[in-house]
K.L.:
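Sending over a structure as structure tokens; questions will come in a sec.
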2 protein chains.
Amino acid sequence: MRSEDIARLAGVSRSTVSRVINNYSNVPEETRQRVLKVIEEHHYEPNTSARVLAGKGTDTIGLFVVSTAERPEVNRIYDNSYFARFVDAVTDHANAKGSYVLIHTVYSPEDFLRVKQAFLQKRIDGGVIVGSGRDPQMVSELAELQAPIVLIDYDIAEIIGSRLNKNRLAVVNSMDYEGTMAVMEHLIGLGHREIGILAGRLDTYSGRERFKAYEMALQHHGLPMREDFILQGQFLKEKAYAEAERLARSDKLPTALFCANDDMAISALQAFTRHGIRVPEDISLAGYDDVPSASLLSPGLTTVRLPIYEMARAAVESISRMQQKKSGSSFETVSFPAEFIQRGSCRSIGP
Amino acid sequence: MRSEDIARLAGVSRSTVSRVINNYSNVPEETRQRVLKVIEEHHYEPNTSARVLAGKGTDTIGLFVVSTAERPEVNRIYDNSYFARFVDAVTDHANAKGSYVLIHTVYSPEDFLRVKQAFLQKRIDGGVIVGSGRDPQMVSELAELQAPIVLIDYDIAEIIGSRLNKNRLAVVNSMDYEGTMAVMEHLIGLGHREIGILAGRLDTYSGRERFKAYEMALQHHGLPMREDFILQGQFLKEKAYAEAERLARSDKLPTALFCANDDMAISALQAFTRHGIRVPEDISLAGYDDVPSASLLSPGLTTVRLPIYEMARAAVESISRMQQKKSGSSFETVSFPAEFIQRGSCRSIGP
DNA sequence: CTGAAAGCGCTTACAG
DNA sequence: CTGAAAGCGCTTACAG
């Protein structure tokens, strides 16, 4: 069934059918109703490819999850609490406002080609990129696409300082520095002076911010920063487990360990438990993100809630806003506050 | 940049450009290379809408998550461990074989209209439906679409028995009955004779199968089935919490409670803990699905691993297979075994 | 208010 | 081996 069939059945031209579909005002109510009736009766839906080819939007936003560090042979985004939640949140917001979401994950250069293709082949009206990390090459290639793009968790300074095309580009972050600061102040307030960190990927904006805040907090309070208390977990569960295990086997434990995300904190907890180190009795533990499991552990994990839902909403809204304004170079940026969440995994240590 | 530009630059016609893009064999190597070179240099990508309109596939599969029972005003798929994992798994498999995934969730009739539109508007080559439950109306509307469709977790008998168009329709399930049986046998083997159930949605295939197996196991072993030990949780966390709480307050507890999914088991655990009922000392608890949190709880949750990854792979492969064969009515169906996983939440009770 | 016509950017018989 | 042309199903100036 094509618009031509509808036109014939309703006794009008294809032009008129198109006008009622696209809500043109200059169609008499009587005609509109007649056409609408035929459309309904035949469950007619206009072919999207034809509409897009004729100049309409796709009503689809792309969502691209970049995770080049993981091993492609294993489960891909599957099992990564952080990414999975972004996918869900973006989908929810986009669907709620009537857009479809086109998803592709990126684990390899070929995968990245697929995201560029999604734009170049005009499959989407704009795209949200999660996890571009510190890949200026990737970001500049995306910016050249000239399509509405939202980067989630990306260093704004890097964009401002670059020769990047900032036209129709937006960045959505959360306040990782402040969030981490809250954890550190909490720990220090509880009397901890030997605080370690299980750091995330430092080629990631959030990874760097969380690390910086850790350093700053120690420095601010005149606390020592010990090399052996700095573990590189790279936001990966296995890596974090190995690092925590290494710490567990060493002769000296910090009294508290801040983990740059919950997945790593949970891995650390498992490693500690396996080595007979109790949380929080022997070591206090804090995470970041507030994944669903965080509240289920015993003790509950003290952490920071990452405002994923709000960030996803901002990203989706940003895309449609940028899509509206064809002209001018808009460069939006938002940063959402994160909420410190105190549970039982950190204890007070007396003097 | 359009194919015409490439043609001009390469000194050939659009026909030839199209032939090299589509890998026609009758293009001399020399010509092919010349065209390819121009394409590369200009980062040319053919417009998908035009290709589709001219008869090519969309290289996109739809993924539709139906969850009409939840309240739409709250977070949507976000926070539902089961659905989120399917989304991830299907995306991974589809992306790995070069397909995009178009997602839309369904919480209302309007949302369902959007999934039908995805087919009718020719946005996708086929679709995977998760959670259609026992909605014959929905399923028959989908079947009429005549597009490759895979139903996940749907009663095959209902399709066989119906006048449904089974052309290019497939069903992917897991062996819920057997999986539940394994849990029940385990419980009974541990000496439990008073076993309750926190049931899932009975308008869902898996919900019914798990309930049936529960009944059958009791019956087979001559154990009583007590009304007050049958709780309706509907696969919903809050509902499960409330029901578990009601049980906790009653004067008589079963010695073991089988929960039709892990989310509900976790809710029950929380409710019990809140009421001073210990697991497994006061009551043994088992779940289903093996969500990531299941192994993190203390005690670890005894459960059944739902083979989501394998099911997703089968669904994706099924779509492409059905898409190939244009002719004949194919009706595929697969059911994956589920694996019983013993952890610490069920204890042996002596005679 | 409305229709004929051009155009969107491809693909693929068809003819040579 | 290759090009001209028709066709995919819409939308939107344009003219009336």
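Model, not experiment: these values are computed from the prediction.
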K.L.:
Taking the side chain of A:Arg51 as heavy atoms from C-beta outward, which of D:dC8, D:dC10, C:dC8 is closest to it?
P.N.:
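Shortest atom-to-atom distance from the side chain points to D:dC10.
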
K.L.:
Between B:Asn26 and D:dC1, does any side-chain N or O lie under 4.0 Å from OP1 or OP2?
P.N.:
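Checking D:dC1 against B:Asn26, no side-chain N or O comes under 4.0 Å of OP1 or OP2.
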
K.L.:
Between the base of D:dA4 and the side chain of B:Ser15, is there any donor-acceptor pair under 3.5 Å?
P.N.:
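Present.
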
K.L.:
Can you measure A:Asn47 atom CG to D:dG7 atom C1' for me and round it to whole angstrom units?
P.N.:
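A:Asn47 atom CG is separated from D:dG7 atom C1' by 13 Å.
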
K.L.:
Without decimals, in angstroms, what is the distance between A:Asn22 CG and C:dT2 C1'?
P.N.:
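Taking CG of A:Asn22 and C1' of C:dT2, I get 16 Å after rounding.
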
K.L.:
Between D:dT2, D:dC10, C:dC10, which nucleotide gets closest to the side-chain atoms of B:Pro46?
P.N.:
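Minimum distance to the B:Pro46 side chain belongs to C:dC10.
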
K.L.:
OP1, OP2 of D:dG3 versus side-chain N and O of B:Thr16: anything below 4.0 Å?
P.N.:
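For B:Thr16, the contact criterion (side-chain N or O under 4.0 Å from OP1 or OP2 of D:dG3) is met.
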
K.L.:
A:Ser13 side chain: which of C:dG3, D:dT2, D:dC10 is closest?
P.N.:
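Comparing C:dG3, D:dT2, D:dC10 against the side chain of A:Ser13, the answer is C:dG3.
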
K.L.:
Considering just the side-chain nitrogens and oxygens of B:Thr31, establish if one lies under 4.0 Å of OP1 or OP2 belonging to D:dT2.
P.N.:
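Result: yes.
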
K.L.:
Taking atom C1' in both C:dT12 and C:dG16, compute the distance separating them and give it to the nearest angstrom.
P.N.:
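To the nearest whole Å, 16 Å.
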
K.L.:
Counting side-chain heavy atoms from C-beta on, which of C:dT11, D:dT2, D:dC10 comes nearest to B:Arg19?
P.N.:
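Of all the options, the side chain of B:Arg19 is nearest to D:dT2.
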
K.L.:
Show the numbers, then the answer: is there a salt bridge (charged side-chain N to carboxylate O under 4.0 Å, His left out) between B:Asp5 and B:Arg2?
P.N.:
CA-CA 5 Å; B:Asp5 302 313; B:Arg2 299 154 307 157; 3.6 Å; yes

K.L.:
Rounding to an integer number of Å, can you tell me how far A:Ile21 CD1 sits from D:dC10 P?
P.N.:
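Rounded to the whole Å, the gap is 7 Å.
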
K.L.:
Quick one: which of C:dT11, D:dG3, D:dG9 gets closest to the side chain of B:Val12?
P.N.:
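So the side chain of B:Val12 is nearest to D:dG3.
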
K.L.:
So, OP1 or OP2 of C:dG9: does either fall under 4.0 Å of a side-chain N or O from B:Arg2?
P.N.:
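True: B:Arg2 side-chain N/O within range (under 4.0 Å) of C:dG9 OP1/OP2.
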
K.L.:
Picking from B:Arg313, B:Glu310, B:Met311, what satisfies side chain to side chain contact (heavy atoms under 4.5 Å, CB included) with B:His93?
P.N.:
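Checked B:Arg313, B:Glu310, B:Met311 against B:His93; only one passes side chain to side chain contact (heavy atoms under 4.5 Å, CB included): B:Arg313.
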
K.L.:
Round to a whole Å and report the spacing from CD of B:Gln121 to C1' of D:dC8.
P.N.:
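Atom-to-atom, B:Gln121 to D:dC8, this comes out as 17 Å.
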
K.L.:
What is the separation between atom CG on B:Leu53 and atom P on C:dC10, rounded to the nearest whole Å?
P.N.:
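Rounding to the nearest Å, CG of B:Leu53 and P of C:dC10 are 12 Å apart.
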
K.L.:
Nearest to the side chain of B:Lys56 - C:dT11, D:dA5, C:dC10?
P.N.:
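Looking only at side-chain atoms, B:Lys56 lies closest to C:dT11.
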
K.L.:
Taking all heavy atoms of A:Gln121 and all of B:Pro46, pick out the closest pair and write down the distance.
P.N.:
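Between these two residues, the closest heavy atoms are CG-O, 3.4 Å.
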
K.L.:
Give a yes/no answer on whether the side chain of B:Lys122 brings an N or O atom under 4.0 Å of OP1 or OP2 in D:dG9.
P.N.:
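For B:Lys122, the contact criterion (side-chain N or O under 4.0 Å from OP1 or OP2 of D:dG9) is not met.
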
K.L.:
When you get a sec, tell me which of D:dT2, D:dC10, C:dC8 is the closest nucleotide to the side chain of B:Pro28?
P.N.:
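The answer is D:dT2.
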
K.L.:
Taking CD from A:Glu45 and P from D:dG9, how many angstroms apart are they, rounded to a whole number?
P.N.:
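Atom CD in A:Glu45 sits about 15 Å away from atom P in D:dG9.
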
K.L.:
When you check the side-chain N and O atoms of B:Arg321 and B:Gln324, is any donor under 3.5 Å from an acceptor?
P.N.:
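No, B:Gln324 and B:Arg321 have no side-chain donor paired with an acceptor closer than 3.5 Å.
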
K.L.:
Which whole-number value in Å describes the distance from A:Asp5 CG to D:dC10 C1'?
P.N.:
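So the CG-C1' distance, A:Asp5 to D:dC10, works out to 13 Å.
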
K.L.:
Measure the CG-CG distance between A:Leu53 and B:Leu53 for me, rounded to the nearest 0.5 Å.
P.N.:
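Rounded to the nearest 0.5 Å, the CG-CG separation comes to 6.0 Å.
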
K.L.:
Should B:Ser3 be listed as having a side-chain N or O under 4.0 Å from OP1 or OP2 of C:dC10?
P.N.:
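B:Ser3 to C:dC10 OP1/OP2: side-chain N or O found under 4.0 Å.
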
K.L.:
Which whole number of Å gives the distance between the P atom of D:dA13 and that of D:dG9?
P.N.:
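It works out to 23 Å between them.
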
K.L.:
Round to a whole Å and report the spacing from CZ of A:Arg32 to C1' of C:dT2.
P.N.:
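Roughly 14 Å, once rounded to whole Å.
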
K.L.:
Pick out which of B:Ile159, B:Ile156, B:Val130 makes a side chain to side chain contact (heavy atoms under 4.5 Å, CB included) with B:Leu151.
P.N.:
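Per the side chain to side chain contact (heavy atoms under 4.5 Å, CB included) rule, the option paired with B:Leu151 is B:Ile159, out of B:Ile159, B:Ile156, B:Val130.
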
K.L.:
Within less than 4.0 Å of OP1 or OP2 of D:dT2, is there a side-chain N or O belonging to B:Tyr24?
P.N.:
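Looking at the OP1 and OP2 atoms of D:dT2, neither is under 4.0 Å from any side-chain N or O of B:Tyr24.
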
K.L.:
Under a 3.5 Å cut-off for both distances, is D:dA15 Watson-Crick or wobble paired, and to whom?
P.N.:
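WC or wobble partner is C:dT2.
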
